[in-house]
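Letters A, B, ... are given to chains in the order of the sequence lines, protein chains preceding strands, and every chain is numbered from 1. Hydrogens, waters and symmetry mates play no part in the numbers below; they use all other heavy atoms, side chains included. Computed from a predicted structure; not experimentally measured.
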Number of protein chains: 4
Amino acid sequence: MPTLPPPSARQRRKEARPGELLDAALALFVEKGFAATRVEEVAARAGVSKGTLFLYFPSKEDLFKAVVRETIAGRLDEWNQELDAFEGSSAELLRYGLHSWWERIGMTPASGITKLIMSEARNFPEIAAFYEQEVIEPGDHLLRRVLQHGMDSGEFRPLNLELAVYSLIAPMIFLLMWKHSMAVCLPADKQFDPKAFLDSQIDLLLRGMLATPDAPTERTAP
Amino acid sequence: MPTLPPPSARQRRKEARPGELLDAALALFVEKGFAATRVEEVAARAGVSKGTLFLYFPSKEDLFKAVVRETIAGRLDEWNQELDAFEGSSAELLRYGLHSWWERIGMTPASGITKLIMSEARNFPEIAAFYEQEVIEPGDHLLRRVLQHGMDSGEFRPLNLELAVYSLIAPMIFLLMWKHSMAVCLPADKQFDPKAFLDSQIDLLLRGMLATPDAPTERTAP
Amino acid sequence: MPTLPPPSARQRRKEARPGELLDAALALFVEKGFAATRVEEVAARAGVSKGTLFLYFPSKEDLFKAVVRETIAGRLDEWNQELDAFEGSSAELLRYGLHSWWERIGMTPASGITKLIMSEARNFPEIAAFYEQEVIEPGDHLLRRVLQHGMDSGEFRPLNLELAVYSLIAPMIFLLMWKHSMAVCLPADKQFDPKAFLDSQIDLLLRGMLATPDAPTERTAP
Amino acid sequence: MPTLPPPSARQRRKEARPGELLDAALALFVEKGFAATRVEEVAARAGVSKGTLFLYFPSKEDLFKAVVRETIAGRLDEWNQELDAFEGSSAELLRYGLHSWWERIGMTPASGITKLIMSEARNFPEIAAFYEQEVIEPGDHLLRRVLQHGMDSGEFRPLNLELAVYSLIAPMIFLLMWKHSMAVCLPADKQFDPKAFLDSQIDLLLRGMLATPDAPTERTAP
DNA sequence: GATGAATGAGTGTTCATTCAT
DNA sequence: AATGAATGAACACTCATTCAT
């Protein structure tokens, strides 16, 4: 089996460039906002010169859009598949879903994208629409499926899906906003543990949603 | 007791200036962010010239700080007093508290301050600290009192106060962020009603917190 | 008769600004071309800062267009009127016209506009079209009238008007190009006197155009 | 006499490179001016990469000088020889000279060099001096010889040589400027035919210069 | 006090030039 | 020799801030 000639060091760098720039840009846009971030800073953080950035992205705004597009791209497919395959109770499913959201998004740099979009939405309405379409809407759909499934099985009491979904979205978005704003600025003794909060929050919500809320944190025995 | 002569119209305008500028600045900072807002726009929106703004605020940053300070100033005293005087159940108290928060803050332009601070916290850590000290901390304290009271009376089951408080804060902050970011950019059919969401959310949380969650939306009969 | 309050020194400066900037811009654009002229230079030459220039002209390109528009504006009306009132021979009229062109355009800074337009036409086709419409076309028309008049009176032999007109335009444009390019770069001994050239050229052309070319430089005796 | 082995195709291309680059550069400099032309465009038009251009020319300015030098190089020798060999009348000689100028220069891409130099002279005074020395001065000398010859033979009336020469140069330079600026921007109905103009112009000038201007367009019969 | 003309430091963007491959 | 990725100096344009009126 013939191997392709190994890409030169330069080639490797070239291919990595856009990614490095996008990482740097995401971090800085999240930290300082779009307007307050200088492209030179982004370039410096990616280890290149200002000019190089413009080799890959035609303008600061295009860089911004690329950051959003790349960070968001197709993140929800995995969950939809997992949902289809999931075999436990709806409560377990919810719990699993939020935990894995934290592991795959909340904990990672990608979490910043939400803060960024919330902060800049009004300056970039197309971006907001894109986020709605690519993240909120599919996420909403996914959560609805979970809740509907729980209601159909009698596990959950009847819920207003439209609103209940936002009860699940709210703590996630709150967590991201908090993490990327207040948490960065407060001393250690004012912090709280995101995972503990998530657990506590799921617990509370499940108690509120289950038809038989006696033992919401454990799977009901057969 | 001699009364002061009534201030002339001009006098009145002059005294109103800072307030008009602060209103304009709040609206624009919330809409576009600090960096992307031009002082000239603020001045124009307040109906004065650029120079005049600098007569009242020595710099754009000082204007920003004044906006935060003025919008926030001592908003929580009222609630603390109401809490002391409240005579209903803790569930009712919570319900009342969140509703009145919506009426007095959430619905008003002051609601923007939270989005603003979340967005700019990392650029202005002192502002974040100020907000923590003036809003979060007292709000946290107030909510703890409510929850503690409910627990003491046996109305609520035992809760981890530290985390439970954030379960109440989360939907509020989510609501503000959403309102000032996504909601502005989405078409009518993608919107949801904030008050309905609040109601539904309180319902859910109360079911989760009450010791006897049978009738969470109504005060338990004697 | 009440006089208007005299404009303040500042007011006076403000009103003079655009004109000063246009003068400076014309000179520099003619000298270095559009692309090679820095707006800061233009501003400096007009005695203001870079920012001030942008107070009056939204962009470098707009400045360029304004230069062309202002320098050209309605220069030919005067000649048309003089032509109507002229009482001498056509030869005298031609001679007078070219001399006064030199006095009013050729000798003045406005002469640079032609060099500028010839040099930049292909980068600014609208400008070229504007020049054609505002200068070439009316000038062409004016010259045709003169030649036609001479032919009608029998003073000139039959001419192909279309081409003959360019025989008059050619030395003018040549003179302007030469003056603003080569002449500036050559030592004194390589120069020639524009007025002497004009005289000699008119002489030559008149000899070529007159029906009785015996005494082209003097009005034919009765 | 042994012949060198024929250069390979690659070799030929390699040797042709500078020429292809010079052609591309001439065309673009003429079209857009020196400052507004990007070296990358020149390279692209010549079918090579940006880096390659700098292999042949150490800088953009050197490229410019090479363009001028190569385009101009020794164009006048031929005419001087033809002049020495010419056997017809001076009028015929002039007519022949201007026609062949049009064929060999005016019609060809080399014609652009004059527009280029006129436009850029003040940014590159050495270039202007070079052009004066290599083109104007020899051309001037050549034309003087023609006119002097005509005066010596009694064919032309006495002329101020210094000025009369520019009467011949003027229409040529005008034609080049026009062709490379206005003509490119104007619609078909505003154009004129260069050769027809040249004919008409020569006719006019000869009538003005000949001692016996009766039949300037035809050689006087013996 | 109020204005808005003026400033100049700062930033996004371009492009001639270099150099590792 | 040829490439094209990378650079950074240069430049158009913005905008917070000043200050003469």
Original post:
Looking at residues 33-47 of chain A, who's got a heavy atom less than 4.0 Å off DNA chain F?
Top reply: none
Subject >> A:Asp23/A:Glu20 under side chain to side chain contact (heavy atoms under 4.5 Å, CB included): CA gap, chis, key distance, verdict >> reply: CA-CA 5 Å; A:Asp23 290 348; A:Glu20 291 164 4; 5.6 Å; no
**OP:** Let me have DNA chain E in dot-bracket notation, would you? Count Watson-Crick plus G-U wobble pairs, both distances under 3.5 Å, and use [ ] for pairs crossing earlier ones and | for inter-strand partners.
**Re:** .||||||||||||||||||||
Original post:
Does the B:Lys60 side chain pair with the main chain of B:Arg38, one donor and one acceptor, at a distance under 3.5 Å?
Top reply: no
Original post:
Between residues 50-62 of chain A and DNA chain F, which residues have a heavy-atom gap below 4.0 Å?
Top reply: A:Lys50, A:Gly51, A:Thr52, A:Leu55, A:Tyr56
In residues 117-125 of chain C, what donor-acceptor pairs under 3.5 Å come from side-chain atoms, sequence neighbours left out?
| residue | atom | partner | partner atom | Å |
| --- | --- | --- | --- | --- |
| C:Ser119 | OG | C:Lys115 | O | 2.9 |
| C:Ser119 | OG | D:Ser119 | OG | 3.0 |
| C:Glu120 | OE1 | C:Asn123 | ND2 | 3.3 |
| C:Glu120 | OE2 | C:Phe34 | N | 2.9 |
| C:Asn123 | ND2 | D:Lys32 | O | 2.8 |

Subject >> Gap separating the CG atom of B:Leu21 from the CG atom of B:Leu26, nearest 0.5 angstrom >> reply: 12.5 Å
Original post:
What do the steps show when you test B:Phe64 against B:Ile127 for side chain to side chain contact (heavy atoms under 4.5 Å, CB included), and what is the final call?
Top reply: CA-CA 9 Å; B:Phe64 178 71; B:Ile127 293 287; 3.7 Å; yes
Original post:
Between E:dA6, E:dT7, F:dT3, which nucleotide gets closest to the side-chain atoms of C:Arg17?
Top reply: E:dA6
Original post:
Do any pairs count as a salt bridge (charged side-chain N to carboxylate O under 4.0 Å, His left out) and have a residue in residues 43-58 of chain B, sequence neighbours left out, and if so which ones?
Top reply: B:Glu40-B:Lys50
Original post:
Would you say the side chain of B:Val39 lies within less than 4.5 Å of the side chain of B:Phe57, judging by non-hydrogen atoms?
Top reply: no
Original post:
Taking only residues two or more places apart in sequence, or in another chain, which ones meet A:Tyr131 in a ring pair (Phe, Tyr, Trp, His ring centres under 6.0 Å)?
Top reply: none
Subject >> side chain to side chain contact (heavy atoms under 4.5 Å, CB included) between D:Leu22 and D:Leu63, intermediate numbers included >> reply: CA-CA 7 Å; D:Leu22 290 170; D:Leu63 172 63; 4.2 Å; yes
**OP:** Given side chain to side chain contact (heavy atoms under 4.5 Å, CB included), test A:Arg69 with A:Glu134 step by step and report yes or no.
**Re:** CA-CA 9 Å; A:Arg69 225 175 297 116; A:Glu134 296 291 316; over 6 Å; no
